[in-house]
Protein chains: 2
Amino acid sequence: MVNKNKSKTTEEKILAAARKVFTTKGMTGARMQDIADEAGMNKALLHYYFKDKDKLFENVFLAEAQKFFPKINAIFNSEETLFDKIRNFVSEYIDEILSNPDLPWFVLNEMNRDPEQFLFKVWGKENLPKPAKLLAQVEQEVKAGIIKPISPVHLLMNMISLTIFPFVGKPMFLYNLRISEKQFREIMEQRKKEIPEFIINAIKK
Amino acid sequence: MVNKNKSKTTEEKILAAARKVFTTKGMTGARMQDIADEAGMNKALLHYYFKDKDKLFENVFLAEAQKFFPKINAIFNSEETLFDKIRNFVSEYIDEILSNPDLPWFVLNEMNRDPEQFLFKVWGKENLPKPAKLLAQVEQEVKAGIIKPISPVHLLMNMISLTIFPFVGKPMFLYNLRISEKQFREIMEQRKKEIPEFIINAIKK
DNA sequence: GTCTATAATTTGATAGAC
DNA sequence: GTCTATCAAATTATAGAC
């Protein structure tokens, strides 16, 4: 049992606290004091370890933003069939988000607030998703008459939208459909099967 | 030509400037100075007209949040067929957002930042969308064997996700798919037809 | 490394002249 | 109503003791 709970280093405590505060309040809404409180220490230590708020934020944001684009490339560029790719993408992505419920809002929020930072720092040309192969595969299957005619770009947008949006609009759905947190989670679990079925029904011949 | 450009009152100028700054930077990111600059006046005037930042924000937010839920009820509760409702909902919603591109991010952002405010102030029980009739209609058409079995909740989530998400994830799509602002807009125009087709293909028998 | 105390800066808000 | 100047509060950041 290595490095459990209390055995976290100070730096790790800070990062965990910063992650929690930043992902719920955003960069501009978060206070250094909030983070210090959450970490059970004083503000001075935050600066001792991470110099200033910007540096601390960048540290958290980069780590989180990468989780937001998980094994996408592995799936997109695998040798599986299109339908299997869709199933795997949706299912794995929803699992990832279920274990990090604030992730989509946090990343999208900062992405819209400061697109430059996002494009250059997060996607330094390395970990940027490469949808080219998937797009080509769609186009090919359309030509071969395996699936109905659909623009690959629209299909990709649909996959991503169906998967991510419910988490971003969660407060809206909770209130509007009168469902509990627990029910919401169950519905998201269902969507791991529902979404691929929906998409495949839409495009199969 | 009533009340064109320069003939705007000071209050209108402030609201227009506040709208622009708040919708792009969010409540916590926006600075009163930014708004004053944008409006071409000084901070003192903002306080003279709207007392404080919270009041000014609330003023803007309430107006914008209502645009975000347009004639939804009119569509949801009309006597049209399910397929026509889907077509109208998607098409009208995309048109609304195209004329207010920052709207989805702004509203969703604040909704996640401060759900309480959102639920009580925006949805004061009046303008809250009432999806009950639409949900019932879906259920009925499933039972009648007109469409494939699908949970009404999932179908509603799908409609909304497909329509709104691309605007929230816009920076991601722009960079990742290497498309321009102009191309993005064209793609959104296409989606007014693409999405209803996609959904109907997915559920029709 | 960690703390307390304090400085420095940013930002919202007001006073008072015009 | 609108401005300049200024204050007050909030918030980030540092100095210095331990």
Side-chain angles (χ1 to χ4, degrees), chain A residues 3-64 106 109-110 113-114 116-117 121, chain B residues 3-64 106 109-110 113-114 116-117 121:
Chain A
N3 213 347
K4 198 77 179 290
N5 265 340
K6 306 287 174 120
S7 67
K8 277 201 287 190
T9 69
T10 302
E11 187 171 332
E12 287 168 338
K13 281 185 199 160
I14 294 175
L15 282 173
R19 177 183 172 282
K20 184 165 180 182
V21 175
F22 278 134
T23 56
T24 52
K25 302 194 171 183
M27 161 66 181
T28 56
R31 297 287 91 106
M32 293 298 270
Q33 187 62 57
D34 297 337
I35 298 172
D37 292 346
E38 178 71 33
M41 59 187 69
N42 55 67
K43 291 184 296 178
L45 263 191
L46 307 185
H47 288 99
Y48 177 79
Y49 277 88
F50 291 91
K51 180 65 180 173
D52 59 27
K53 189 184 178 184
D54 277 337
K55 304 276 193 313
L56 179 55
F57 176 78
E58 192 174 305
N59 218 299
V60 171
F61 182 65
L62 261 58
E64 294 303 304
F106 176 61
N109 184 12
E110 297 303 326
R113 190 182 62 86
D114 187 355
E116 304 299 319
Q117 147 191 270
K121 294 195 176 160
Chain B
N3 212 348
K4 199 74 180 291
N5 262 340
K6 305 290 173 113
S7 67
K8 277 201 287 191
T9 69
T10 301
E11 187 171 332
E12 287 169 338
K13 281 185 201 163
I14 294 175
L15 282 173
R19 178 183 172 282
K20 183 165 179 182
V21 174
F22 279 134
T23 56
T24 52
K25 301 194 172 183
M27 162 65 179
T28 56
R31 296 288 91 104
M32 293 298 270
Q33 187 61 56
D34 297 338
I35 298 172
D37 292 346
E38 178 70 32
M41 60 187 68
N42 54 67
K43 289 185 297 180
L45 262 190
L46 306 184
H47 288 98
Y48 177 80
Y49 277 89
F50 292 91
K51 181 67 182 172
D52 59 27
K53 189 184 178 184
D54 277 337
K55 304 273 193 315
L56 180 54
F57 177 78
E58 193 173 307
N59 219 296
V60 171
F61 181 66
L62 260 60
E64 294 303 305
F106 176 61
N109 185 14
E110 297 304 325
R113 189 181 64 86
D114 186 355
E116 303 299 318
Q117 148 192 267
K121 294 195 175 161

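Contact annotation: the side chain of A/Asn109 never approaches that of A/Met27 to less than 4.5 Å [non-hydrogen atoms, C-beta and beyond]. A heavy-atom distance below 4.5 Å is not found between the side chains of B/Leu15 and B/Tyr49.
With distances taken from any side-chain atom of A/Arg31 to the nucleotides C/dT14, D/dT12, D/dT2, the minimum falls on D/dT12. Counting only heavy atoms from C-beta on, B/Leu45 has its side chain closest to D/dT2 among D/dT2, C/dA13, D/dA13. Closest contact between the side chain of A/Ala44 and the listed nucleotides D/dT4, C/dT4, C/dG12 involves C/dT4.
We find that CD of A/Gln33 is positioned 11 Å from C1' of D/dA10, with the value rounded to whole Å. Atom NZ of B/Lys53 is separated from atom P of C/dA13 by 8 Å (rounded to the nearest Å). Atom CG of B/Asp37 is separated from atom P of C/dG12 by 12 Å (rounded to the nearest Å). Separating the CE atom of A/Met41 from the P atom of C/dT4 is a distance of 13 Å, rounded to the nearest angstrom. The CZ atom of A/Phe50 sits 12 Å away from the P atom of C/dG1 (whole-angstrom rounding). Between the P atom of D/dT11 and the CD1 atom of A/Ile35 lies a distance of 13 Å, rounded to the nearest Å. One interatomic measurement links the two molecules: CG of A/Asn42 to C1' of C/dT2, which rounds to 6 Å at whole-angstrom precision. As a whole-Å value, the separation of B/Asp54 CG from C/dT11 P is 16 Å.
Contacts of A/Tyr49 with the nucleic acid, taken as non-hydrogen atoms under 4.0 Å apart, involve only primed sugar atoms and P, OP1 or OP2. Looking at heavy-atom distances under 4.0 Å, A/Asp52 makes contact with sugar-phosphate atoms alone, never a base. A/Ala30 comes within 4.0 angstrom of the backbone, heavy atoms only, and of no base. Residue contacts shown for B/Lys43 include a base, since a base heavy atom lies under 4.0 Å away.
Residues A/Lys55 and A/Glu58 are not paired through a salt bridge, judged by the lack of any N-O separation under 4.0 Å between the basic side chain and the carboxylate.
Tested against B/Asp34 for a salt bridge (charged side-chain N to carboxylate O under 4.0 Å, His left out), the candidates B/Lys53, B/Lys43, B/Lys25 yield a single pass: B/Lys25.
Side-chain N/O atoms of B/His47 include none lying less than 4.0 angstrom from OP1 or OP2 on C/dT14.
Here B/Phe22 and B/Phe57 bring their ring centres to under 6.0 angstrom of each other.
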